[in-house]
Peer 1: 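Have a look at the structure that comes next, please.
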Amino acid sequence: ASAAPPGVVAIPHTRTPIPTSTRIKNIILKNGGNPSQRANQEMIVAVESSPSDRIYKSTDGGASWYISLNNATFSFFGIPMTPDPNRFDTVYTMTNNIFMRTVDFGENWTTLSTPSGFATPCDIEVFPDSVNIILAGDNTTGIYRSTDYGVTWARVYQTSGEIPTIATPANSPGVAYATKWGGGGGFLRSTNYGLTWSELPGSVVGQSNWGVDVAPENPAYIVVGRYSGSNVYISRNTGQSWITTTLPSSNYSVVVVDTLTIFAAQSGGFYKLRVPYIPVELSSFSANVTGSHVRLDWTTATELNNSGFEIHRRELQKLSEGEWEVIAFVDGNGTTTEKNEYSFVDYPKFGTSYQYRLKQIDFDGTYEFSSFVEVDTDIPSEYALHQNYPNPFNPETILSFSLPSEINVSLKVYDILGNEVASLINNELYQAGNHRISFNAVNLASGMYIYKISTANFTAAKRMLLMK
């Protein structure tokens with residue numbers, strides 16, 4: 001056998017079968033499966049087994065196994081375990097209506113709650129930017145939500161069918177998607193951390209759907225698998241329209257690595273999508289209020305026949321009218337596989353809030369919409385330094401602050417010992433408004449850092465956690 005690449009731990013080819021298991025439900029690798037970490041040798045596996053279902057753990061890459069959790073019930077689960085996306089030692093599971101957590105990657109499990117009303121839960125998901133909020137999809141009852149790490153629960157959506165899969169994409173704060181099997185079928189979306197849900201239109205309506213996933217670099221790109229009907233649906237515009245593809249048998253799961261690499265697990269086999277086009281990869285889109293204007297910034301990873309971007313704007317106060325105003329057009333770069341950066345400055349009237357979106361148009365006239373971003377152009381009434389987002393972060397995060405009047409600003413980052421590690425703003429004049437600064441810590445070590453703002457009459461500091 002060839003040697004492993006530098007920094008990668010070679011895992012033996014020989015495996016030991018998991019004792020008493022008859023079906024593997026899901027597998028979680030420690031540290032998110034980072035191959036450069038030796039901890040990748042550690043994994044926990046939920047299985048159906050005899051005489052009871054169990055979770056097993058391996059610390060040697062699957063060469064040997066020992067029981068992590070005994071006397072469980074996973075027979076009706078779709079995905080019985082889920083990790084905390086920011087703390088890889090923390091994993092949640094449910095056995096019937098018993099909600100449990102481990103904080104040492106399966107060495108010990110603690111019961112957090114035994115909520116009433118659950119039938120047979122099918123999926124658990126944690127919001128990446130608010131890990132205290134957890135969703136659970138159930139069979140014959142609906143979707144349940146906890147805001148205190150699983151200690152208390154409330155039902156937020158009711159159905160007579162099943163909620164097989166929930167997705168909480170890292171690139172869309174507060175957004176969650178859920179598939180419906182039975183109970184009329186369909187596909188659900190929440191934009192307020194699972195508190196309320198709405199049915200998305202199009203091909204997915206009335207279908208008994210199962211798997212769902214969102215492209216990590218493009219929150220508008222959603223893939224949904226149909227359990228009963230041999231179809232996988234793809235949306236490139238946040239569910240406003242769908243492309244229907246056909247696969248044999250029933251869907252169990254879909255995985256979107258990126259918009260060119262999509263997998264589907266079917267009852268009859270494992271498939272990879274043959275993408276018929278290279279789409280315009282919109283990898284970021286943001287809006288920031290600076291002084292008297294709003295600056296839009298977006299980047300693309302690849303482009304094919306990109307004529308350009310039509311920029312749309314509407315006032316939040318007029319959402320009921322549903323009207324978008326076309327305010328500008330920015331030329332694209334045609335066809336390229338290079339990363340491209342775009343920007344546009346808008347001068348709306350201040351004192352209200354706006355939504356912006358992009359309409360990417362190909363040379364043949366076809367187009368797709370981005371997800372929208374919101375800005376508030378109200379002048380702040382007081383100075384404020386806001387908590388960075390995301391937090392924890394790796395390696396980029398956003399630092400934001402509010403100024404009620406024009407003033408010189410300094411914004412610096414320090415390590416926990418008080419040493420300055422970055423000067424983001426050095427006594428520069430900023431106008432009144434809300435401001436956002438991107439901070440990239442790619443060259444810093446993991447740990448706690450402090451960011452501090454200073455003006456002539458205001459000083460504040462906050463902590464942030466870098467986790468690599």
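Quick caveat: nothing in here was measured; it's all calculated off a predicted structure.
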Peer 1: With a 6.0 Å cut-off on the ring centroids, do F439 and Y451 count as close?
Peer 2: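 When the ring centroids of F439 and Y451 are compared, they turn out to be at least 6.0 Å apart.
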Peer 1: Donor-acceptor check, side chain of T95 to backbone of A72, threshold 3.5 angstrom: yes or no?
Peer 2: no
Peer 1: Is E428 reaching over with its side chain to a backbone N or O of I425, donor-acceptor style, under 3.5 angstrom?
Peer 2: no
Peer 1: Answer with yes or no after comparing the ring centroid distance for Y367 and F369 against a 6.0 Å cut-off, counting only values under it.
Peer 2: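 Yes - the distance between ring centres of Y367 and F369 falls below the 6.0 Å cut-off.
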Peer 1: Indicate yes or no: at least one non-hydrogen side-chain atom of S402 is less than 4.5 angstrom from one of H386.
Peer 2: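 Contact flag for S402/H386 side chains = yes.
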Peer 1: Quick one about Y342 and N333 (side-chain donor to acceptor, distance below 3.5 Å, no hydrogens or angles considered), yes or no?
Peer 2: yes
Peer 1: When T82 is tested against each of I28, I124, D123 for side chain to side chain contact (heavy atoms under 4.5 Å, CB included), which residue passes?
Peer 2: I124
Peer 1: Look at the side chain of N440 and the backbone N and O of E396, then say whether any donor-acceptor pair between them is shorter than 3.5 Å.
Peer 2: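 No, the answer is negative, given that no donor and acceptor are paired below the 3.5 Å cut-off.
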Peer 1: Which residues satisfy the side-chain contact (heavy atoms from CB on, under 4.5 Å) test with N391, sequence neighbours excluded?
Peer 2: Q387, N388, F393, M464, L465
Peer 1: Parallel, tilted or perpendicular: which one describes the rings of F99 and Y92, with boundaries at 30° and 60°?
Peer 2: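 Parallel, since the angle between the ring planes stays under 30°.
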Peer 1: Between S446 and K468 (side chain of the first, backbone of the second, donor and acceptor by atom type, cut-off under 3.5 Å), is there such a pair?
Peer 2: yes
Peer 1: Determine the interplanar angle of the F285 and W298 rings, folded into 0 to 90°, and report it as parallel if under 30°, tilted if 30 to 60°, perpendicular if over 60°.
Peer 2: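 Rings of F285 and W298: perpendicular, over 60°.
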Peer 1: Taking atom types as modelled, is there a side-chain donor on Y221 or R236 under 3.5 Å from an acceptor on the other?
Peer 2: no
Peer 1: Taking N26 for the side chain and M81 for the main chain, is one N or O donor matched with an acceptor at less than 3.5 Å?
Peer 2: yes
Peer 1: Any side-chain heavy-atom pair from N306 and F309 closer than 4.5 angstrom?
Peer 2: yes
Peer 1: Go through the steps for L188 and I143 under the test side-chain contact (heavy atoms from CB on, under 4.5 Å), then give the verdict.
Peer 2: CA-CA 11 Å; L188 304 172; I143 299 173; 4.0 Å; yes
Peer 1: Could you please spell out the steps behind the side-chain contact (heavy atoms from CB on, under 4.5 Å) verdict for T245 and I234?
Peer 2: CA-CA 8 Å; T245 66; I234 302 171; 4.2 Å; yes
Peer 1: Can you confirm whether K412 is buried at NZ, in the sense that more than 12 heavy atoms of other residues, nucleotides or ligands lie under 6.0 Å from that atom?
Peer 2: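 Yes, NZ of K412 has more than 12 neighbouring heavy atoms, counting only those of other groups under 6.0 Å.
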Peer 1: For the backbone of N457 and the side chain of T455, can you confirm whether one donor and one acceptor N or O come within less than 3.5 Å of each other?
Peer 2: yes
Peer 1: Short question: side chain of N209, backbone of T179 - any donor-acceptor pair under 3.5 Å?
Peer 2: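 Not a single qualifying donor-acceptor pair exists.
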Peer 1: How about F88 and F105: are their ring centroids closer than 6.0 Å?
Peer 2: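 Between F88 and F105, the centre distance exceeds or equals 6.0 Å.
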Peer 1: Would you call L403 and Y383 a side-chain contact if the rule is heavy atoms closer than 4.5 Å?
Peer 2: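 The answer is yes, as the side chains (C-beta and beyond) meet within the 4.5 Å cut-off.
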Peer 1: With a 3.5 Å cut-off and no angle check, do the side chains of Q360 and E368 form a donor-acceptor pair?
Peer 2: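 Side chains of Q360 and E368: no pair found under 3.5 Å.
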Peer 1: Test side-chain contact (heavy atoms from CB on, under 4.5 Å) on R189 and T238; report intermediate values, then the result.
Peer 2: CA-CA 10 Å; R189 182 174 188 253; T238 322; 3.7 Å; yes
Peer 1: Mark yes or no for whether T168, through its side chain, and A176, through its backbone, hold a donor-acceptor pair below 3.5 Å.
Peer 2: no
Peer 1: Output yes when a side-chain donor or acceptor of S410 lies under 3.5 Å from a complementary backbone atom of N426, and no otherwise.
Peer 2: no
Peer 1: Among L135, D129, V175, find the one that has a side chain to side chain contact (heavy atoms under 4.5 Å, CB included) with Y193.
Peer 2: D129
Peer 1: Suppose we call two aromatic rings close when their centres sit under 6.0 Å apart. Are F187 and Y233 close by that rule?
Peer 2: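 Here the rings of Y233 and F187 have centres that are no less than 6.0 Å from each other.
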Peer 1: Do you know the tightest heavy-atom contact between F74 and M94?
Peer 2: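 Where F74 meets M94 most closely, the heavy atoms are CE2-O, 3.5 Å.
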Peer 1: Report yes if some heavy atom in the side chain of W65 is under 4.5 Å from a heavy atom in the side chain of V47; otherwise report no.
Peer 2: no
Peer 1: Please check if atom CZ in F344 has more than 12 non-hydrogen atoms from other residues, nucleotides or ligands closer than 6.0 Å.
Peer 2: yes
Peer 1: Under 3.5 Å, is there a donor-acceptor pair between the D84 and Y149 side chains?
Peer 2: no
Peer 1: Short question: side chain of S190, backbone of T196 - any donor-acceptor pair under 3.5 Å?
Peer 2: yes
Peer 1: Taking the side chain as C-beta and beyond, is there a heavy-atom pair between V232 and Q266 under 4.5 Å?
Peer 2: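 In short, these two side chains touch, coming nearer than 4.5 Å.
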Peer 1: For residues V375 and V289, report the shortest heavy-atom separation together with the two atoms involved.
Peer 2: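 Taking every non-hydrogen atom into account, CB-CG2, 3.9 Å.
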Peer 1: Apply side-chain contact (heavy atoms from CB on, under 4.5 Å) to residues E310 and W324 and explain how you reach the verdict.
Peer 2: CA-CA 11 Å; E310 199 173 74; W324 288 92; over 6 Å; no
Peer 1: Do the non-hydrogen side-chain atoms of V345 and S343 ever get within less than 4.5 Å of each other?
Peer 2: no
Peer 1: For R145 and N192, work out which heavy atoms get closest and say how close.
Peer 2: NH2-O, 4.1 Å
Peer 1: Between the side chains of W109 and T93, is a donor N or O closer than 3.5 angstrom to an acceptor N or O?
Peer 2: no
Peer 1: Is there a side-chain contact between E199 and V204 in this structure, where contact means two heavy atoms from C-beta onward sitting under 4.5 Å apart?
Peer 2: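 A side-chain contact under 4.5 Å is absent here.
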Peer 1: Checking side-chain polar atoms at under 3.5 Å, does N251 have a donor or acceptor matched by the opposite partner on Y271?
Peer 2: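 There is no such pair (donor and acceptor under 3.5 Å, judged by atom type) between the side chains of N251 and Y271.
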